[in-house]
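Here is the structure we will look at, set down as structure tokens.
In what follows, chains are A, B, ... by sequence order, proteins preceding strands, each numbered from 1.
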Amino acid sequence: GIQVEQSPPDLILQEGANSTLRCNFSDSVNNLQWFHQNPWGQLINLFYIPSGTKQNGRLSATTVATERYSLLYISSSQTTDSGVYFCAVGEGNSGGSNYKLTFGKGTLLTVNP
Amino acid sequence: DTAVSQTPKYLVTQMGNDKSIKCEQNLGHDTMYWYKQDSKKFLKIMFSYNNKELIINETVPNRFSPKSPDKAHLNLHINSLELGDSAVYFCASSRLRGEAFFGQGTRLTVV
């Protein structure tokens with residue numbers, strides 16, 4: 001199966017700082033998603049981004065599928081951004097019969113006031 | 001309206017018991033999944049169903065049995081619970097190969 005590596009594993013920021021999280025994957029993928037797991041354990045969809053660039057408020061993401069990586073940018077971070085950020089890639093055959101999301105190990109982000 | 005809902009949110013039970021977790025989605029998706037999150041936060045797929053048919057079973061012990069009565073529901077039944085089964089279990093749904101949405105998770109503690 002596909003290997004998904006996220007970096008850095010841990011990140012500590014002061015409120016207001018910017019950051020970039022990276023996701024590398026080992027093979028072609030059908031799609032890619034970024035999630036935020038908040039301190040209460042909920043998995044929140046951030047981006048569905050098989051390729052290209054998307055922005056949503058202070059967050060943006062870029063996936064370069066041909067080079068097998070994706071980046072998540074967080075600008076002007078807030079304490080509520082704390083939590084684990086997961087990258088997940090979709091893999092499976094062309095018919096989709098064995099499609100699944102494979103997750104990276106996540107980046108634990110702590111934003112201090 | 002909650003898109004993917006699972007019950008219960010917390011489950012504490014003794015070793016050897018049998019328990020079930022229920023999942024329902026109202027997104028009209030045709031594919032549903034069960035994921036397990038271990039103590040190190042790693043998320044791994046257990047099962048995937050497409051149109052009520054099992055399409056992925058990722059080497060999960062046969063004490064775990066998923067059941068999909070219809071496209072909107074995917075339940076997980078666990079027999080003879082063991083200490084190592086303690087984890088957070090997430091249900092998810094998507095259109096096949098589409099964006100996946102997750103439930104709020106069920107924290108299972110086996111004592």
With the 4.5 Å side-chain cut-off for hydrophobic clustering, are Leu46(A) and Tyr73(A) part of the same group? no

Can you tell which part of Glu53(B) gets under 4.5 Å to a heavy atom of chain A, answering side chain, backbone, both or neither? neither

Between the main-chain N or O of Glu99(B) and the side-chain N or O of Asn31(A), is there a donor-acceptor pair closer than 3.5 Å? no

Among Ala100(B), Ser94(B), Ser48(B), single out the residue with the greatest number of heavy-atom pairs under 4.5 Å to chain A. Ala100(B)

Please answer: with hydrophobic residues joined when any side-chain heavy atoms are less than 4.5 Å apart, are Val60(B) and Leu81(B) in the same cluster? yes

Heavy atoms of other groups near Arg107(B) CZ, more than 12 under 6.0 Å: no

Could you check whether any side-chain N or O of Tyr35(B) sits under 3.5 Å from a backbone N or O of Leu101(A), counting only pairs where one atom can act as donor and the other as acceptor? yes

Can you name the closest pair of heavy atoms from Phe103(A) and Phe102(B) and give their distance? CZ-CZ, 3.6 Å

Chain A contact residues among residues 64-76 of chain B, heavy-atom distance under 4.5 Å: none

Hey, what else clusters with Leu27(B) if you join Ile, Leu, Val, Met, Phe, Trp, Tyr whenever side-chain heavy atoms sit under 4.5 Å? Val4(B), Phe101(B)

Are Leu21(A) and Leu59(A) grouped together when hydrophobic residues (ILVMFWY) are joined by side-chain heavy atoms under 4.5 angstrom apart? yes

Is there a continuous path of hydrophobic side-chain contacts, each under 4.5 Å between heavy atoms, that joins Val29(A) to Val64(A)? no

For chain B, the option from Lys100(A), Gln33(A), Gln37(A) that forms the most heavy-atom pairs under 4.5 Å: Gln33(A)

If you count the non-hydrogen atoms of other residues, nucleotides and ligands that lie under 6.0 Å from CD in Gln14(A), is the total more than 12? yes

Name the option with the most non-hydrogen atom pairs under 4.5 Å to chain A; the candidates are Lys44(B), Lys40(B), Gln104(B), Gln37(B). Gln37(B)

Does the pair Phe90(B) and Leu43(A) meet the rule for a side chain to side chain contact (heavy atoms under 4.5 Å, CB included), with working shown? CA-CA 9 Å; Phe90(B) 284 95; Leu43(A) 278 167; 4.0 Å; yes

If two hydrophobic side chains count as joined below 4.5 Å and joins carry through other members, does Met46(B) share a cluster with Ile55(B)? no

Should we say atom CD of Glu5(A) is surrounded by more than 12 heavy atoms from elsewhere, each under 6.0 Å from it? no

Are Phe86(A) and Leu43(B) close enough that some pair of their side-chain heavy atoms sits under 4.5 Å apart? yes

